[in-house]
Each structure stands twice: as structure tokens, then as C-alpha cells.
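Supplied in C-alpha cells, the structure appears directly below.
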Number of protein chains: 2
Amino acid sequence: MATLCENCPLRKQPLFVGMSESDVQTMQKFKVGELSVDPGTPLLIEGSNSPQLFTALRGMAIRYKTTADGRRQVVNFVFPGDFIGLQSGLMNEMSHSVEARSKMTLCVFNRSELFSFFKSHPERAFDITWLAAVEEHFLGEALTTVGQRTAKQSLAWALLRIFERGRMIGLVRNRAMDLPFRQQDIADALGLSLVHTNKTLGHLRESQLVNWSDGQLTINDTEKLAAVAGVETDLVPRRPLM
Amino acid sequence: MATLCENCPLRKQPLFVGMSESDVQTMQKFKVGELSVDPGTPLLIEGSNSPQLFTALRGMAIRYKTTADGRRQVVNFVFPGDFIGLQSGLMNEMSHSVEARSKMTLCVFNRSELFSFFKSHPERAFDITWLAAVEEHFLGEALTTVGQRTAKQSLAWALLRIFERGRMIGLVRNRAMDLPFRQQDIADALGLSLVHTNKTLGHLRESQLVNWSDGQLTINDTEKLAAVAGVETDLVPRRPLM
DNA sequence: CGCGTCGTTGATCCGGGTCAACGGTTGTGG
DNA sequence: CCACAACCGTTGACCCGGATCAACGACGCG
């Protein structure tokens with residue numbers, strides 16, 4: 001049975017900006033159902049045109065693109081609260097695929113209603129655009145990382161971002177959070193080889209900066225890790241929840 | 001004296017989706033002025049909160065981020081028809097800087113009117129979000145390039161994208177277009193060193209694939225270049241004009 | 001028990017970075 | 001009118017971070 005938006009556990013998390021009571025009602029009406037999937041399930045395919053949009057409610061996924069010669073770029077990670085399928089809703093075509101990495105539950109919306117939704121709910125339309133801007137912000141940072149930083153800096157940046165995101169949605173308990181991704185996923189996100197990613201991860205572990213093993217990510221001192229990454233501990237920007 | 005939206009030379013270009021007569025009137029009312037700048041002029045600064053939004057009418061620019069250790073990532077190039085400053089309008093902070101690379105003319109809009117604009121013109125709000133999705137699409141492709149492709153492929157990809165974009169807005173005459181960027185700009189966009197970019201450019205030139213010199217980019221066979229880049233000659237996606 | 005997936009580690013190689021020097025052009029001031 | 005500096009493109013020599021290749025162990029599953 002589907003979660004009522006009113007009872008949505010995400011809304012309370014510090015990552016998200018407040019929603020008015022009427023926003024909540026609006027989303028409840030827009031929401032047409034809930035979807036549960038197992039790890040490995042493809043949710044959206046690059047180049048396709050899904051009839052549905054999603055908001056991740058529980059679980060994690062990866063967004064990735066595939067090149068002509070078979071290489072893979074992980075473009076972003078999906079966490080609870082992320083909106084999925086916007087491109088398909090606007091440009092009629094996804095520029096990347098989305099694949100679940102853990103068990104997931106997703107809120108489902110109808111793509112065909114998106115335009116009328118924009119007309120009837122301009123504040124929410126504004127928020128959707130805001131989400132797109134947040135995504136653009138992240139991609140710019142990722143591009144800068146892959147283009148300019150060393151493997152060690154990159155890895156520190158990625159794990160720090162993941163961890164901060166997890167913290168903002170209540171996934172971190174006792175300086176640790178569950179992480180269902182594989183090393184290959186991170187490697188493909190950073191444009192590094194699996195082997196080098198593994199070795200660099202080992203170095204970070206030896207330096208007591210990060211411990212990621214058995215599906216658990218532990219970070220004791222985020223400040224120190226940020227220093228290695230070469231970023232100020234600037235926060236993940238707050239955003240609306242759809 | 002400012003160009004009237006009605007007479008806007010960009011609207012006719014094949015890159016842009018059609019605007020209704022009322023859309024044109026709407027933009028005319030939203031537009032508060034025009035700005036002309038010389039090469040090198042900063043238009044927006046990373047981290048700042050500009051009171052103005054722009055649409056590039058003539059000329060080119062670069063969007064870039066700077067890392068703590070002083071390196072620079074060029075995140076995208078700005079061509080006529082690009083909308084600038086959306087992030088600042090939504091998140092109150094730019095995630096990158098924008099700097100003119102040629103003489104430019106820009107249409108100016110007031111950031112403070114953006115929200116009411118969303119309420120009164122939902123179709124145009126939809127189009128703004130569409131633009132954000134196009135940007136996301138591009139950044140994903142750029143990330144894939146920097147993360148997965150070789151220097152030669154990257155360079156071919158970048159020059160091809162620039163050229164196709166130029167073609168779609170009428171900048172290409174006789175298989176050539178003006179390009180005010182420096183080699184350093186392209187290098188910083190692709191995460192390559194200037195030296196290696198220069199040498200790779202030389203190779204492409206020898207292979208008769210690309211000739212970029214004296215501020216002119218010439219490409220005779222885009223198909224062949226696309227093959228080198230490892231992309232299908234997929235088009236630059238059409239988009240709205242703000 | 002055998003097979004597929006994922007993490008780990010060592011050996012070797014190479015694409016591209018870094019360093020250095022030079023030439024052409026433009027602009028500026030004496 | 002010329003000296004000089006600043007900027008950009010170009011080219012050669014050398015080196016290193018990370019890719020590639022290869023092999024093995026641990027685990028879960030049919």
C-alpha cells in the first residue's frame with residue numbers, strides 16, 4: 001500500500017526545503033502509484049521515452065551513459081528524494097539510463113500530466129526547474145572533478161558528496177551509512193579504472209580517512225577528507241522535494 | 001538601440017523551436033534592456049548572486065569553474081541563444097563564472113521578476129525548464145567525454161559539437177565559422193594540458209579532419225570527424241529560445 | 001560442487017602531463 | 001620609430017599517474 005504524501009518520511013529531512021500543506025495535497029493528486037524494484041532493475045533507458053516520472057522514496061540507483069565503444073560513464077547517483085525522468089518529460093528522450101542498485105521504492109507520476117501540472121501549479125513548476133538547476137550544479141562539479149583532480153582527490157570528493165547527501169536525508173548513523181554501489185560504479189563515475197580505484201581506496205583506508213567495506217561507508221572526519229579532496233566543506237545545496 | 005524581440009534574428013534559426021506571437025510579446029515585456037561587452041569581460045561570477053539574467057544575442061563566452069588549487073574547468077561554451085544566469089535566479093548563487101570571449105550583445109532580464117513570470121506564463125516556464133534539461137544533457141555528454149574518451153576523440157567531439165551548434169544558428173558559411181576561443185579554453189574544457197591539446201590539434205589538422213587557425217574553424221566532413229570522436233552524428237537537440 | 005560476481009594485489013606499459021624554449025603579433029610608452 | 005612586455009601558438013625532451021594485463025581469494029547461489 002502506497003505511502004501518503006502527508007506521511008512522507010523524506011519531507012522532514014534537512015536536505016529539503018519546506019512544503020506547504022497545499023503543495024503536499026498537490027503532489028498527492030499528481031502521484032499515481034508506487035513502484036518497488038529489486039537491485040539491478042533498469043528504471044529508464046537512454047534514448048527511450050518513458051511514460052512515467054519517479055521520485056525515489058527508498059533505495060539507491062545509478063544514472064549512466066554508454067559510449068559507442070562500450071565504455072560506461074556513471075553520470076550521477078540516485079538517492080531518496082531524487083526526481084527521475086525529467087528529461088524524458090521535457091525533451092521526449094532520456095540522455096542516460098537509470099538502474100537500481102538496491103531494493104527501491106519509487107513514487108510514480110504521469111508524464112502526460114506534466115504540462116498541465118506546470119500550468120496549474122506554477123510554484124511547483126518553479127521547484128522542478130530548481131531541481132534541474134541543482135542537477136546542473138552537481139554535473140558541473142563532477143566535470144571539474146574528472147577533468148582537474150587526481151584519483152585520490154576525486155575519490156575523496158565522491159565519497160564525501162555521497163556521505164553528505166546521506167547525512168542530509170538521515171541515512172548516516174554513527175558516522176556510517178549503507179552503500180550498495182560497487183567499486184566499478186565509482187570508477188566509472190570518476191573516469192578511473194577499477195584497479196586504480198581499488199588501490200586508491202586502499203590508500204584512503206590506510207590513512208584512516210575513509211572506510212568503505214562490506215557495503216558500509218564510514219567517515220570519521222569530514223573536514224580532513226574535504227582537505228584531501230581540495231574542496232571547502234561546502235554543503236550539498238538544499239532543494240525542493242517533488 | 002535595443003533589438004525588438006519581434007525582429008530577433010535568432011528566432012528564425014533552425015536550432016530553436018517556434019515561438020507563438022504571444023510568446024514574443026511576453027519576452028518583449030520581460031526584457032528590460034540590452035548589454036554590450038568587450039572580450040574578456042566577466043558577466044557572472046561563481047558564488048555571486050546577479051540581479052540579472054541574460055540571453056546571448058551575439059558573440060560567444062565561456063562558463064568555467066575554478067578549483068581551490070587554481071585549476072580551471074571550462075564547463076560549457078556560450079553561443080547566441082543561450083540563457084545565462086538561471087542558477088542564480090533559482091538557487092541564489094551561480095555555480096560557475098561566465099566570461100565573454102568576443103564582443104557580445106545580451107538581452108537583459110530582471111531576476112526578481114522570474115517567479116512572477118513563472119506564474120503568469122506557464123508555457124514559458126516549461127520552456128525554461130526545457131533549457132535546463134538541455135544543459136543537463138550537454139553536461140552529461142561532456143562528462144562522458146572527459147571521463148571516457150582519449151584526447152583525440154575528445155577534441156573531435158568538442159569541435160564537432162561547437163561546429164554543429166554554429167551551423168544550427170547560421171554561423172557557418174562555406175564549411176567554416178569564426179571561433180574566438182583560445183586553445184587553453186578547449187584544453188580546460190576537456191581536462192587536457194595546453195601542450196597536448198595543441199599537438200592533438202596538429203594531428204587532426206594533418207589528417208585533414210579539422211582546420212582551426214586564425215580564429216576560424218573549418219570542417220569539411222562532419223561524418224568522418226564524428227567517426228573519430230566515436231559518436232553518431234546525433235544532432236544538437238532543438239530547444240526553446242528565451 | 002561448480003560458476004559468476006566482486007574485491008584485491010602485483011607487474012608492466014603508455015597516454016598525456018610537465019618543463020623548457022622559441023616565434024609571431026599586438027599594444028604601450030619613451 | 002623602436003624597445004619591450006604580454007599573450008598565444010608551436011615544438012621537443014622527459015617523466016609519471018593511472019591504464020592494462022593477469023591471477024587469486026572470498027562469497028553467494030542453483
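The sequence lines fix the lettering, A, B, ..., with proteins before strands; numbering per chain opens at 1. Predicted model only: the values in this text are computed from it and were never measured.
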Exercise for the section: Looking at every strand, decide which applies to A:Gly191 at a 4.0 Å heavy-atom threshold: base, sugar-phosphate, or nothing. Expected result: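 Sugar-phosphate only.
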Practice task
Let me know the distance between CD of A:Gln148 and P of C:dG17, rounded to the nearest Å.
Solution key: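 Going from CD in A:Gln148 over to P in C:dG17 covers 10 Å.
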Exercise for the section: Could you tell me whether the side chains of A:Glu135 and A:Asn76 share a donor-acceptor contact shorter than 3.5 Å? Expected result: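 Looking only at side-chain atoms, A:Asn76 and A:Glu135 do form a donor-acceptor pair, the distance falling under 3.5 Å.
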Exercise for the section: Give me the one residue out of A:Val228, A:Ile219, A:Asn220 that meets side-chain contact (heavy atoms from CB on, under 4.5 Å) with A:Leu209. Expected result: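 Going through A:Val228, A:Ile219, A:Asn220 one by one, the side-chain contact (heavy atoms from CB on, under 4.5 Å) with A:Leu209 is satisfied by A:Val228 alone.
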Exercise for the section: Pick base, sugar-phosphate or nothing for B:Gly215, based on heavy-atom distances below 4.0 Å to the nucleic acid. Expected result: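 No contact at all - B:Gly215 keeps every heavy atom at 4.0 Å or more from the nucleic acid.
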Practice task
Assign each of B:Gly202 and B:Arg182 to its nearest nucleotide of DNA chain D by heavy atoms, then name whichever residue's nucleotide is nearer the 5' end.
Solution key: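 By nearest-heavy-atom nucleotide position, the 5'-most residue is B:Arg182.
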Handout entry: Nearest-nucleotide pick for A:Lys199, side chain only, options being C:dA11, C:dT8, D:dG12
Key =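 That would be C:dA11.
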Handout entry: Distance in angstrom units between B:Trp212 CH2 and D:dT10 C1', rounded
Key =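 From B:Trp212 CH2 to D:dT10 C1': 14 Å.
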Handout entry: Side-chain N,O (A:Arg205) to OP1/OP2 (C:dT8) below 4.0 Å
Key =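 Answer yes for this pair, as a side-chain N or O of A:Arg205 is under 4.0 Å from OP1 or OP2.
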Handout entry: Residue-phosphate contact under 4.0 Å: B:Gln184 side-chain N/O, D:dC7 OP1/OP2
Key =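 For B:Gln184, the contact criterion (side-chain N or O under 4.0 Å from OP1 or OP2 of D:dC7) is not met.
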Problem - Protein-nucleotide distance (A:Ile186, atom CD1; C:dG7, atom P), rounded to Å - result: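 It is 10 Å, rounded to the nearest whole Å.
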Exercise for the section: For the residue pair B:Gln87 and B:Ser95, confirm or rule out a side-chain donor-acceptor distance under 3.5 Å. Expected result: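 The answer is yes; a qualifying pair exists.
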Practice task
Give the nucleotide from the list C:dA20, C:dG16, C:dT8 with an atom nearest to the side chain of B:Ala151.
Solution key: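 The nucleotide sitting nearest to the side chain is C:dG16.
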Practice task
Assign each of A:Ser193 and B:Gln183 to its nearest nucleotide of DNA chain D by heavy atoms, then name whichever residue's nucleotide is nearer the 5' end.
Solution key: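 Result of the comparison: B:Gln183.
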Exercise for the section: Determine whether the side chains of A:Asn92 and A:Arg111 contain a donor N or O and an acceptor N or O closer than 3.5 Å. Expected result: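 There is such a pair between these side chains.
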Practice task
Measure the distance from NZ on A:Lys152 to C1' on D:dC16 and round it to the nearest whole Å.
Solution key: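 About 16 Å, once rounded to whole Å.
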Problem - Contact under 4.0 Å: A:Asn198 side-chain N or O vs C:dG7 OP1/OP2 - result: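 Negative; the distance criterion is not met.
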Problem - Distance, rounded to the nearest Å, where A:Arg149 contributes CZ and C:dG17 contributes P - result: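 Computing the A:Arg149:CZ to C:dG17:P distance gives 17 Å.
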Handout entry: Atom-pair distance (CG on A:Asp214; P on C:dT8), nearest Å
Key =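 Nearest whole value for this atom pair: 9 Å.
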Exercise for the section: Could you tell me whether B:Thr150 contacts a base, only the sugar-phosphate backbone, or nothing, with contacts defined as non-hydrogen atoms closer than 4.0 Å? Expected result: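 Touches sugar-phosphate only.
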Exercise for the section: Quickly work out the A:Leu201 CG to D:dG18 C1' distance and round it to whole Å. Expected result: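 Going from A:Leu201 (CG) to D:dG18 (C1'), I get 15 Å.
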Handout entry: Protein-nucleotide distance (B:Leu194, atom CG; C:dA20, atom C1'), rounded to Å
Key =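 It works out to 13 Å between those atoms.
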Handout entry: Minimum-distance nucleotide (side-chain atoms of A:Leu192 versus D:dT10, C:dT18, D:dG18)
Key =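 Nearest nucleotide to the side chain: D:dG18.
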Exercise for the section: With the side chain of A:His196 defined as its heavy atoms from C-beta on, choose the nearest nucleotide among D:dA19, C:dT8, D:dG12. Expected result: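 Out of D:dA19, C:dT8, D:dG12, the nucleotide with an atom closest to A:His196's side chain is D:dA19.
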Handout entry: B:Gln183 (side chain) donor-acceptor with B:Leu194 (main chain) under 3.5 angstrom
Key =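 Answer holds: no.
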